[in-house]
Structures are given as C-alpha cells and as structure tokens.
Protein chains: 2
Amino acid sequence: MSDVQDTLFKTLADPTRRALFERLCREGEKTVGALTARAGVSQPVVSKHLGILKQAGLVRDRHEGRQTHYSAQLGALAPLVDWTSEMAGFWQNRFNDLEDLLKRMDQ
Amino acid sequence: MSDVQDTLFKTLADPTRRALFERLCREGEKTVGALTARAGVSQPVVSKHLGILKQAGLVRDRHEGRQTHYSAQLGALAPLVDWTSEMAGFWQNRFNDLEDLLKRMDQ
DNA sequence: TAGATCAATACCTATTCAGCTATGGATTAA
DNA sequence: TTAATCCATAGCTGAATAGGTATTGATCTA
C-alpha cells in the first residue's frame with residue numbers, strides 16, 4: 001500500500017527515464033542539454049522525465065545561469081531495497097517455519 | 001538496456017500486481033480463488049496479472065484438479081537487487097574519485 | 001449424466017502516458 | 001538592444017494496458 005514504493009516502481013519502469021537516472025549515477029551531474037544529446041528523444045521529453053524523476057526524489061536540480069544541472073539522489077532507492085529485503089524476509093520466515101515444523105514432526 | 005530489469009520494473013509497477021506478489025511472499029502458495037477473494041478486482045483480472053507475473057518469472061503455478069496454485073519465486077528479484085547495487089556502486093566509485101581528487105589537490 | 005465450480009481466454013472500453021511540435025521565459029553573447 | 005541559446009511548459013496524438021463482462025474448458029459432485 002505504501003505510496004513511496006509505488007512511485008519508485010512506476011518512475012523506474014520507463015526505459016528512457018531509467019536510462020537517464022543510470023547515466024546520472026554513472027557519470028554524475030549533467031545538464032539537460034548534455035543528457036538530451038545521447039538520450040534518443042527530444043529535449044522537452046528529457047525535461048519531462050527529469051521532472052518526474054525529481055518528484056520521485058531520485059534526482060535533484062541545480063540552476064546555474066540558463067542551464068540546469070541534474071544529479072542522482074541515490075538515497076531515494078532505499079525504499080526499494082527495503083521492499084526487496086522485506087519480501088526476502090517473508091520468504092525466509094516461511095522457510096524457517098517449515099524447518100520448525102519438520103523439526104517438531106521429527107520428534 | 002537489460003531487458004530483464006525492464007520486465008521486472010514494469011511488472012512490479014502495477015499496484016494490484018505487486019500486491020498479489022506481496023501476498024504470495026507473505027502467505028505462501030495460494031489458489032486463484034483465494035487471491036481473488038481479497039484482491040479487490042475480478043477473477044479474470046487476477047488471472048491476467050498472475051500470467052504476467054509468471055512471464056516475468058516472479059511466480060510459478062501448480063495445477064491440482066480444477067484449481068491452480070501460485071507461489072512466489074523470490075530468486076527472480078535478483079536482477080533488481082543487482083541493479084540497485086550497481087547504481088550504488090557507481091555512486092561509491094564517483095565518491096572515491098572525488099576523494100582521490102581532493103587528496104591529490106591537497107598535496 | 002447434469003449441474004456446479006474453478007480458472008483462463010476473448011473482447012471491449014476508458015484511461016494513462018510517452019513522444020512529438022510549438023512556444024514562452026530567462027539568460028548570455030554580439 | 002538584438003539575436004541566440006537553454007530549459008520548461010502547453011497542447012496534441014497514438015499506443016499500451018488495467019479493468020470490466022461474457023464465455024469456454026476442465027474438473028468435481030450430487
């Protein structure tokens with residue numbers, strides 16, 4: 001139900017948007033122009049995706065004259081890591097429960 | 001560019017579908033009927049989502065008489081964990097590079 | 001065998017959204 | 001000041017898809 005994870009998954013589900021985020025992670029801060037150059041889509045599309053990434057907390061922007069620099073905010077991925085850990089945890093618990101059951105049955 | 005991650009993100013981006021997967025992680029194997037009872041959507045919709053989850057490798061099905069049992073396949077989350085680790089790795093490397101730079105500047 | 005139940009498929013509809021072009025606002029350069 | 005550049009916004013269109021109902025196939029039960 002957590003809206004945070006919903007936003008993260010939805011935001012990262014788009015390949016173009018995920019590619020932009022990946023580039024910012026790999027190469028660090030970039031201007032919209034630099035990102036557009038290799039994005040394969042038009043500048044307005046890049047701006048729109050960056051806006052969505054920003055709303056999700058995955059990037060931050062810094063204005064410098066007429067250009068805007070974007071950079072990745074890796075901390076925003078935490079809820080995603082938490083979610084996968086939680087799922088793995090449930091799995092593990094059920095496995096432990098099964099082990100306990102088998103142990104009791106063994107006695 | 002990896003198509004695997006694309007499939008995973010897209011599959012888990014839908015709240016209804018993610019909720020189904022979460023329930024299978026929490027509560028273990030369930031029939032379609034049991035899942036439908038609390039899914040908030042119709043049975044055909046549940047079946048469709050389960051089909052998509054299956055195609056993504058996130059669940060497996062087991063037929064028993066006229067009912068189908070679904071269970072979570074947690075291993076399928078691995079590429080997602082890998083991806084986040086990779087992003088965190090790039091971040092870390094850039095941080096190290098910065099440290100190195102500052103160190104060199106300091107001399 | 002006839003009826004009932006379970007799950008999947010077919011088909012349709014409405015909504016969402018990624019992409020485009022055109023444009024505006026703001027800054028820099030000539 | 002005028003022209004050019006950078007980015008964001010507005011408006012539009014087409015494609016993808018989540019949801020519904022109707023139906024079929026398969027299995028169990030009376």
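Chain A is the first sequence line, chain B the second, and so forth, proteins listed ahead of strands; every chain is numbered from 1.
A 4.5 Å side-chain heavy-atom check between A/Q73 and A/L58 finds every atom pair outside the cut-off. Side chains of A/Q43 and A/V32 form a contact here, defined as non-hydrogen atoms less than 4.5 Å apart. Taking 4.5 Å as the limit, some side-chain heavy atom of A/R18 sits within range of a side-chain heavy atom of B/F9. Under the 4.5 Å side-chain criterion, counting only non-hydrogen atoms from C-beta, A/K10 is in contact with B/P15. Inter-residue side-chain proximity for A/M87 and B/E22 is flagged as met; some heavy-atom pair is nearer than 4.5 Å. Looking only at side-chain heavy atoms (C-beta outward), A/L24 and A/L35 come within less than 4.5 Å of each other.
Hydrophobic clustering (ILVMFWY, side-chain heavy atoms < 4.5 Å, transitive): B/V45 and B/L50 are in one cluster.
The side chain of A/Y70 contributes no N or O atom lying less than 4.0 Å from OP1 or OP2 of D/dC6. Residue B/S42 places at least one side-chain N or O under 4.0 Å from the OP1 or OP2 atom of D/dG20.
Counting only distance, with no hydrogens or angles, the side chain of B/R17 and the backbone of B/V46 share no donor-acceptor pair below 3.5 Å.
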Next item on the list: Do nucleotides 23-30 of chain D as a string where each nucleotide becomes B, S or -: B if the base has a protein heavy atom under 4.0 Å, S if just the sugar-phosphate does, - if no protein is that close.
Entry: ----BB--
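Place B/T31 and A/I52 on DNA chain C by their nearest nucleotides, and B/T31 ends up nearer the 5' end.
Atom CH2 in A/W83 sits 7.0 Å away from atom CG in B/L80 (nearest 0.5 Å).
Between B/K10 atom NZ and D/dA16 atom P the separation is 11 Å, expressed in whole Å. For the pair B/D14 CG and D/dA16 P, the interatomic distance rounds to 17 Å; values are reported in whole Å. Atom pair B/H49:NE2 and D/dG20:C1' shows a separation of 12 Å (rounding to whole Å applied). Rounded to an integer number of Å, the gap from CZ of B/R17 to P of D/dA16 is 15 Å.
As judged by a 4.0 angstrom heavy-atom cut-off over every strand, B/T16 is placed among residues touching the sugar-phosphate backbone only. Among the atoms of the strands shown, base atoms are found under 4.0 Å from some heavy atom of A/V45.
Of all nucleotides in DNA chain C, those with any atom nearer than 4.0 Å to a heavy atom of chain A start and finish, going 5' to 3', at C/dA18 to C/dT28.
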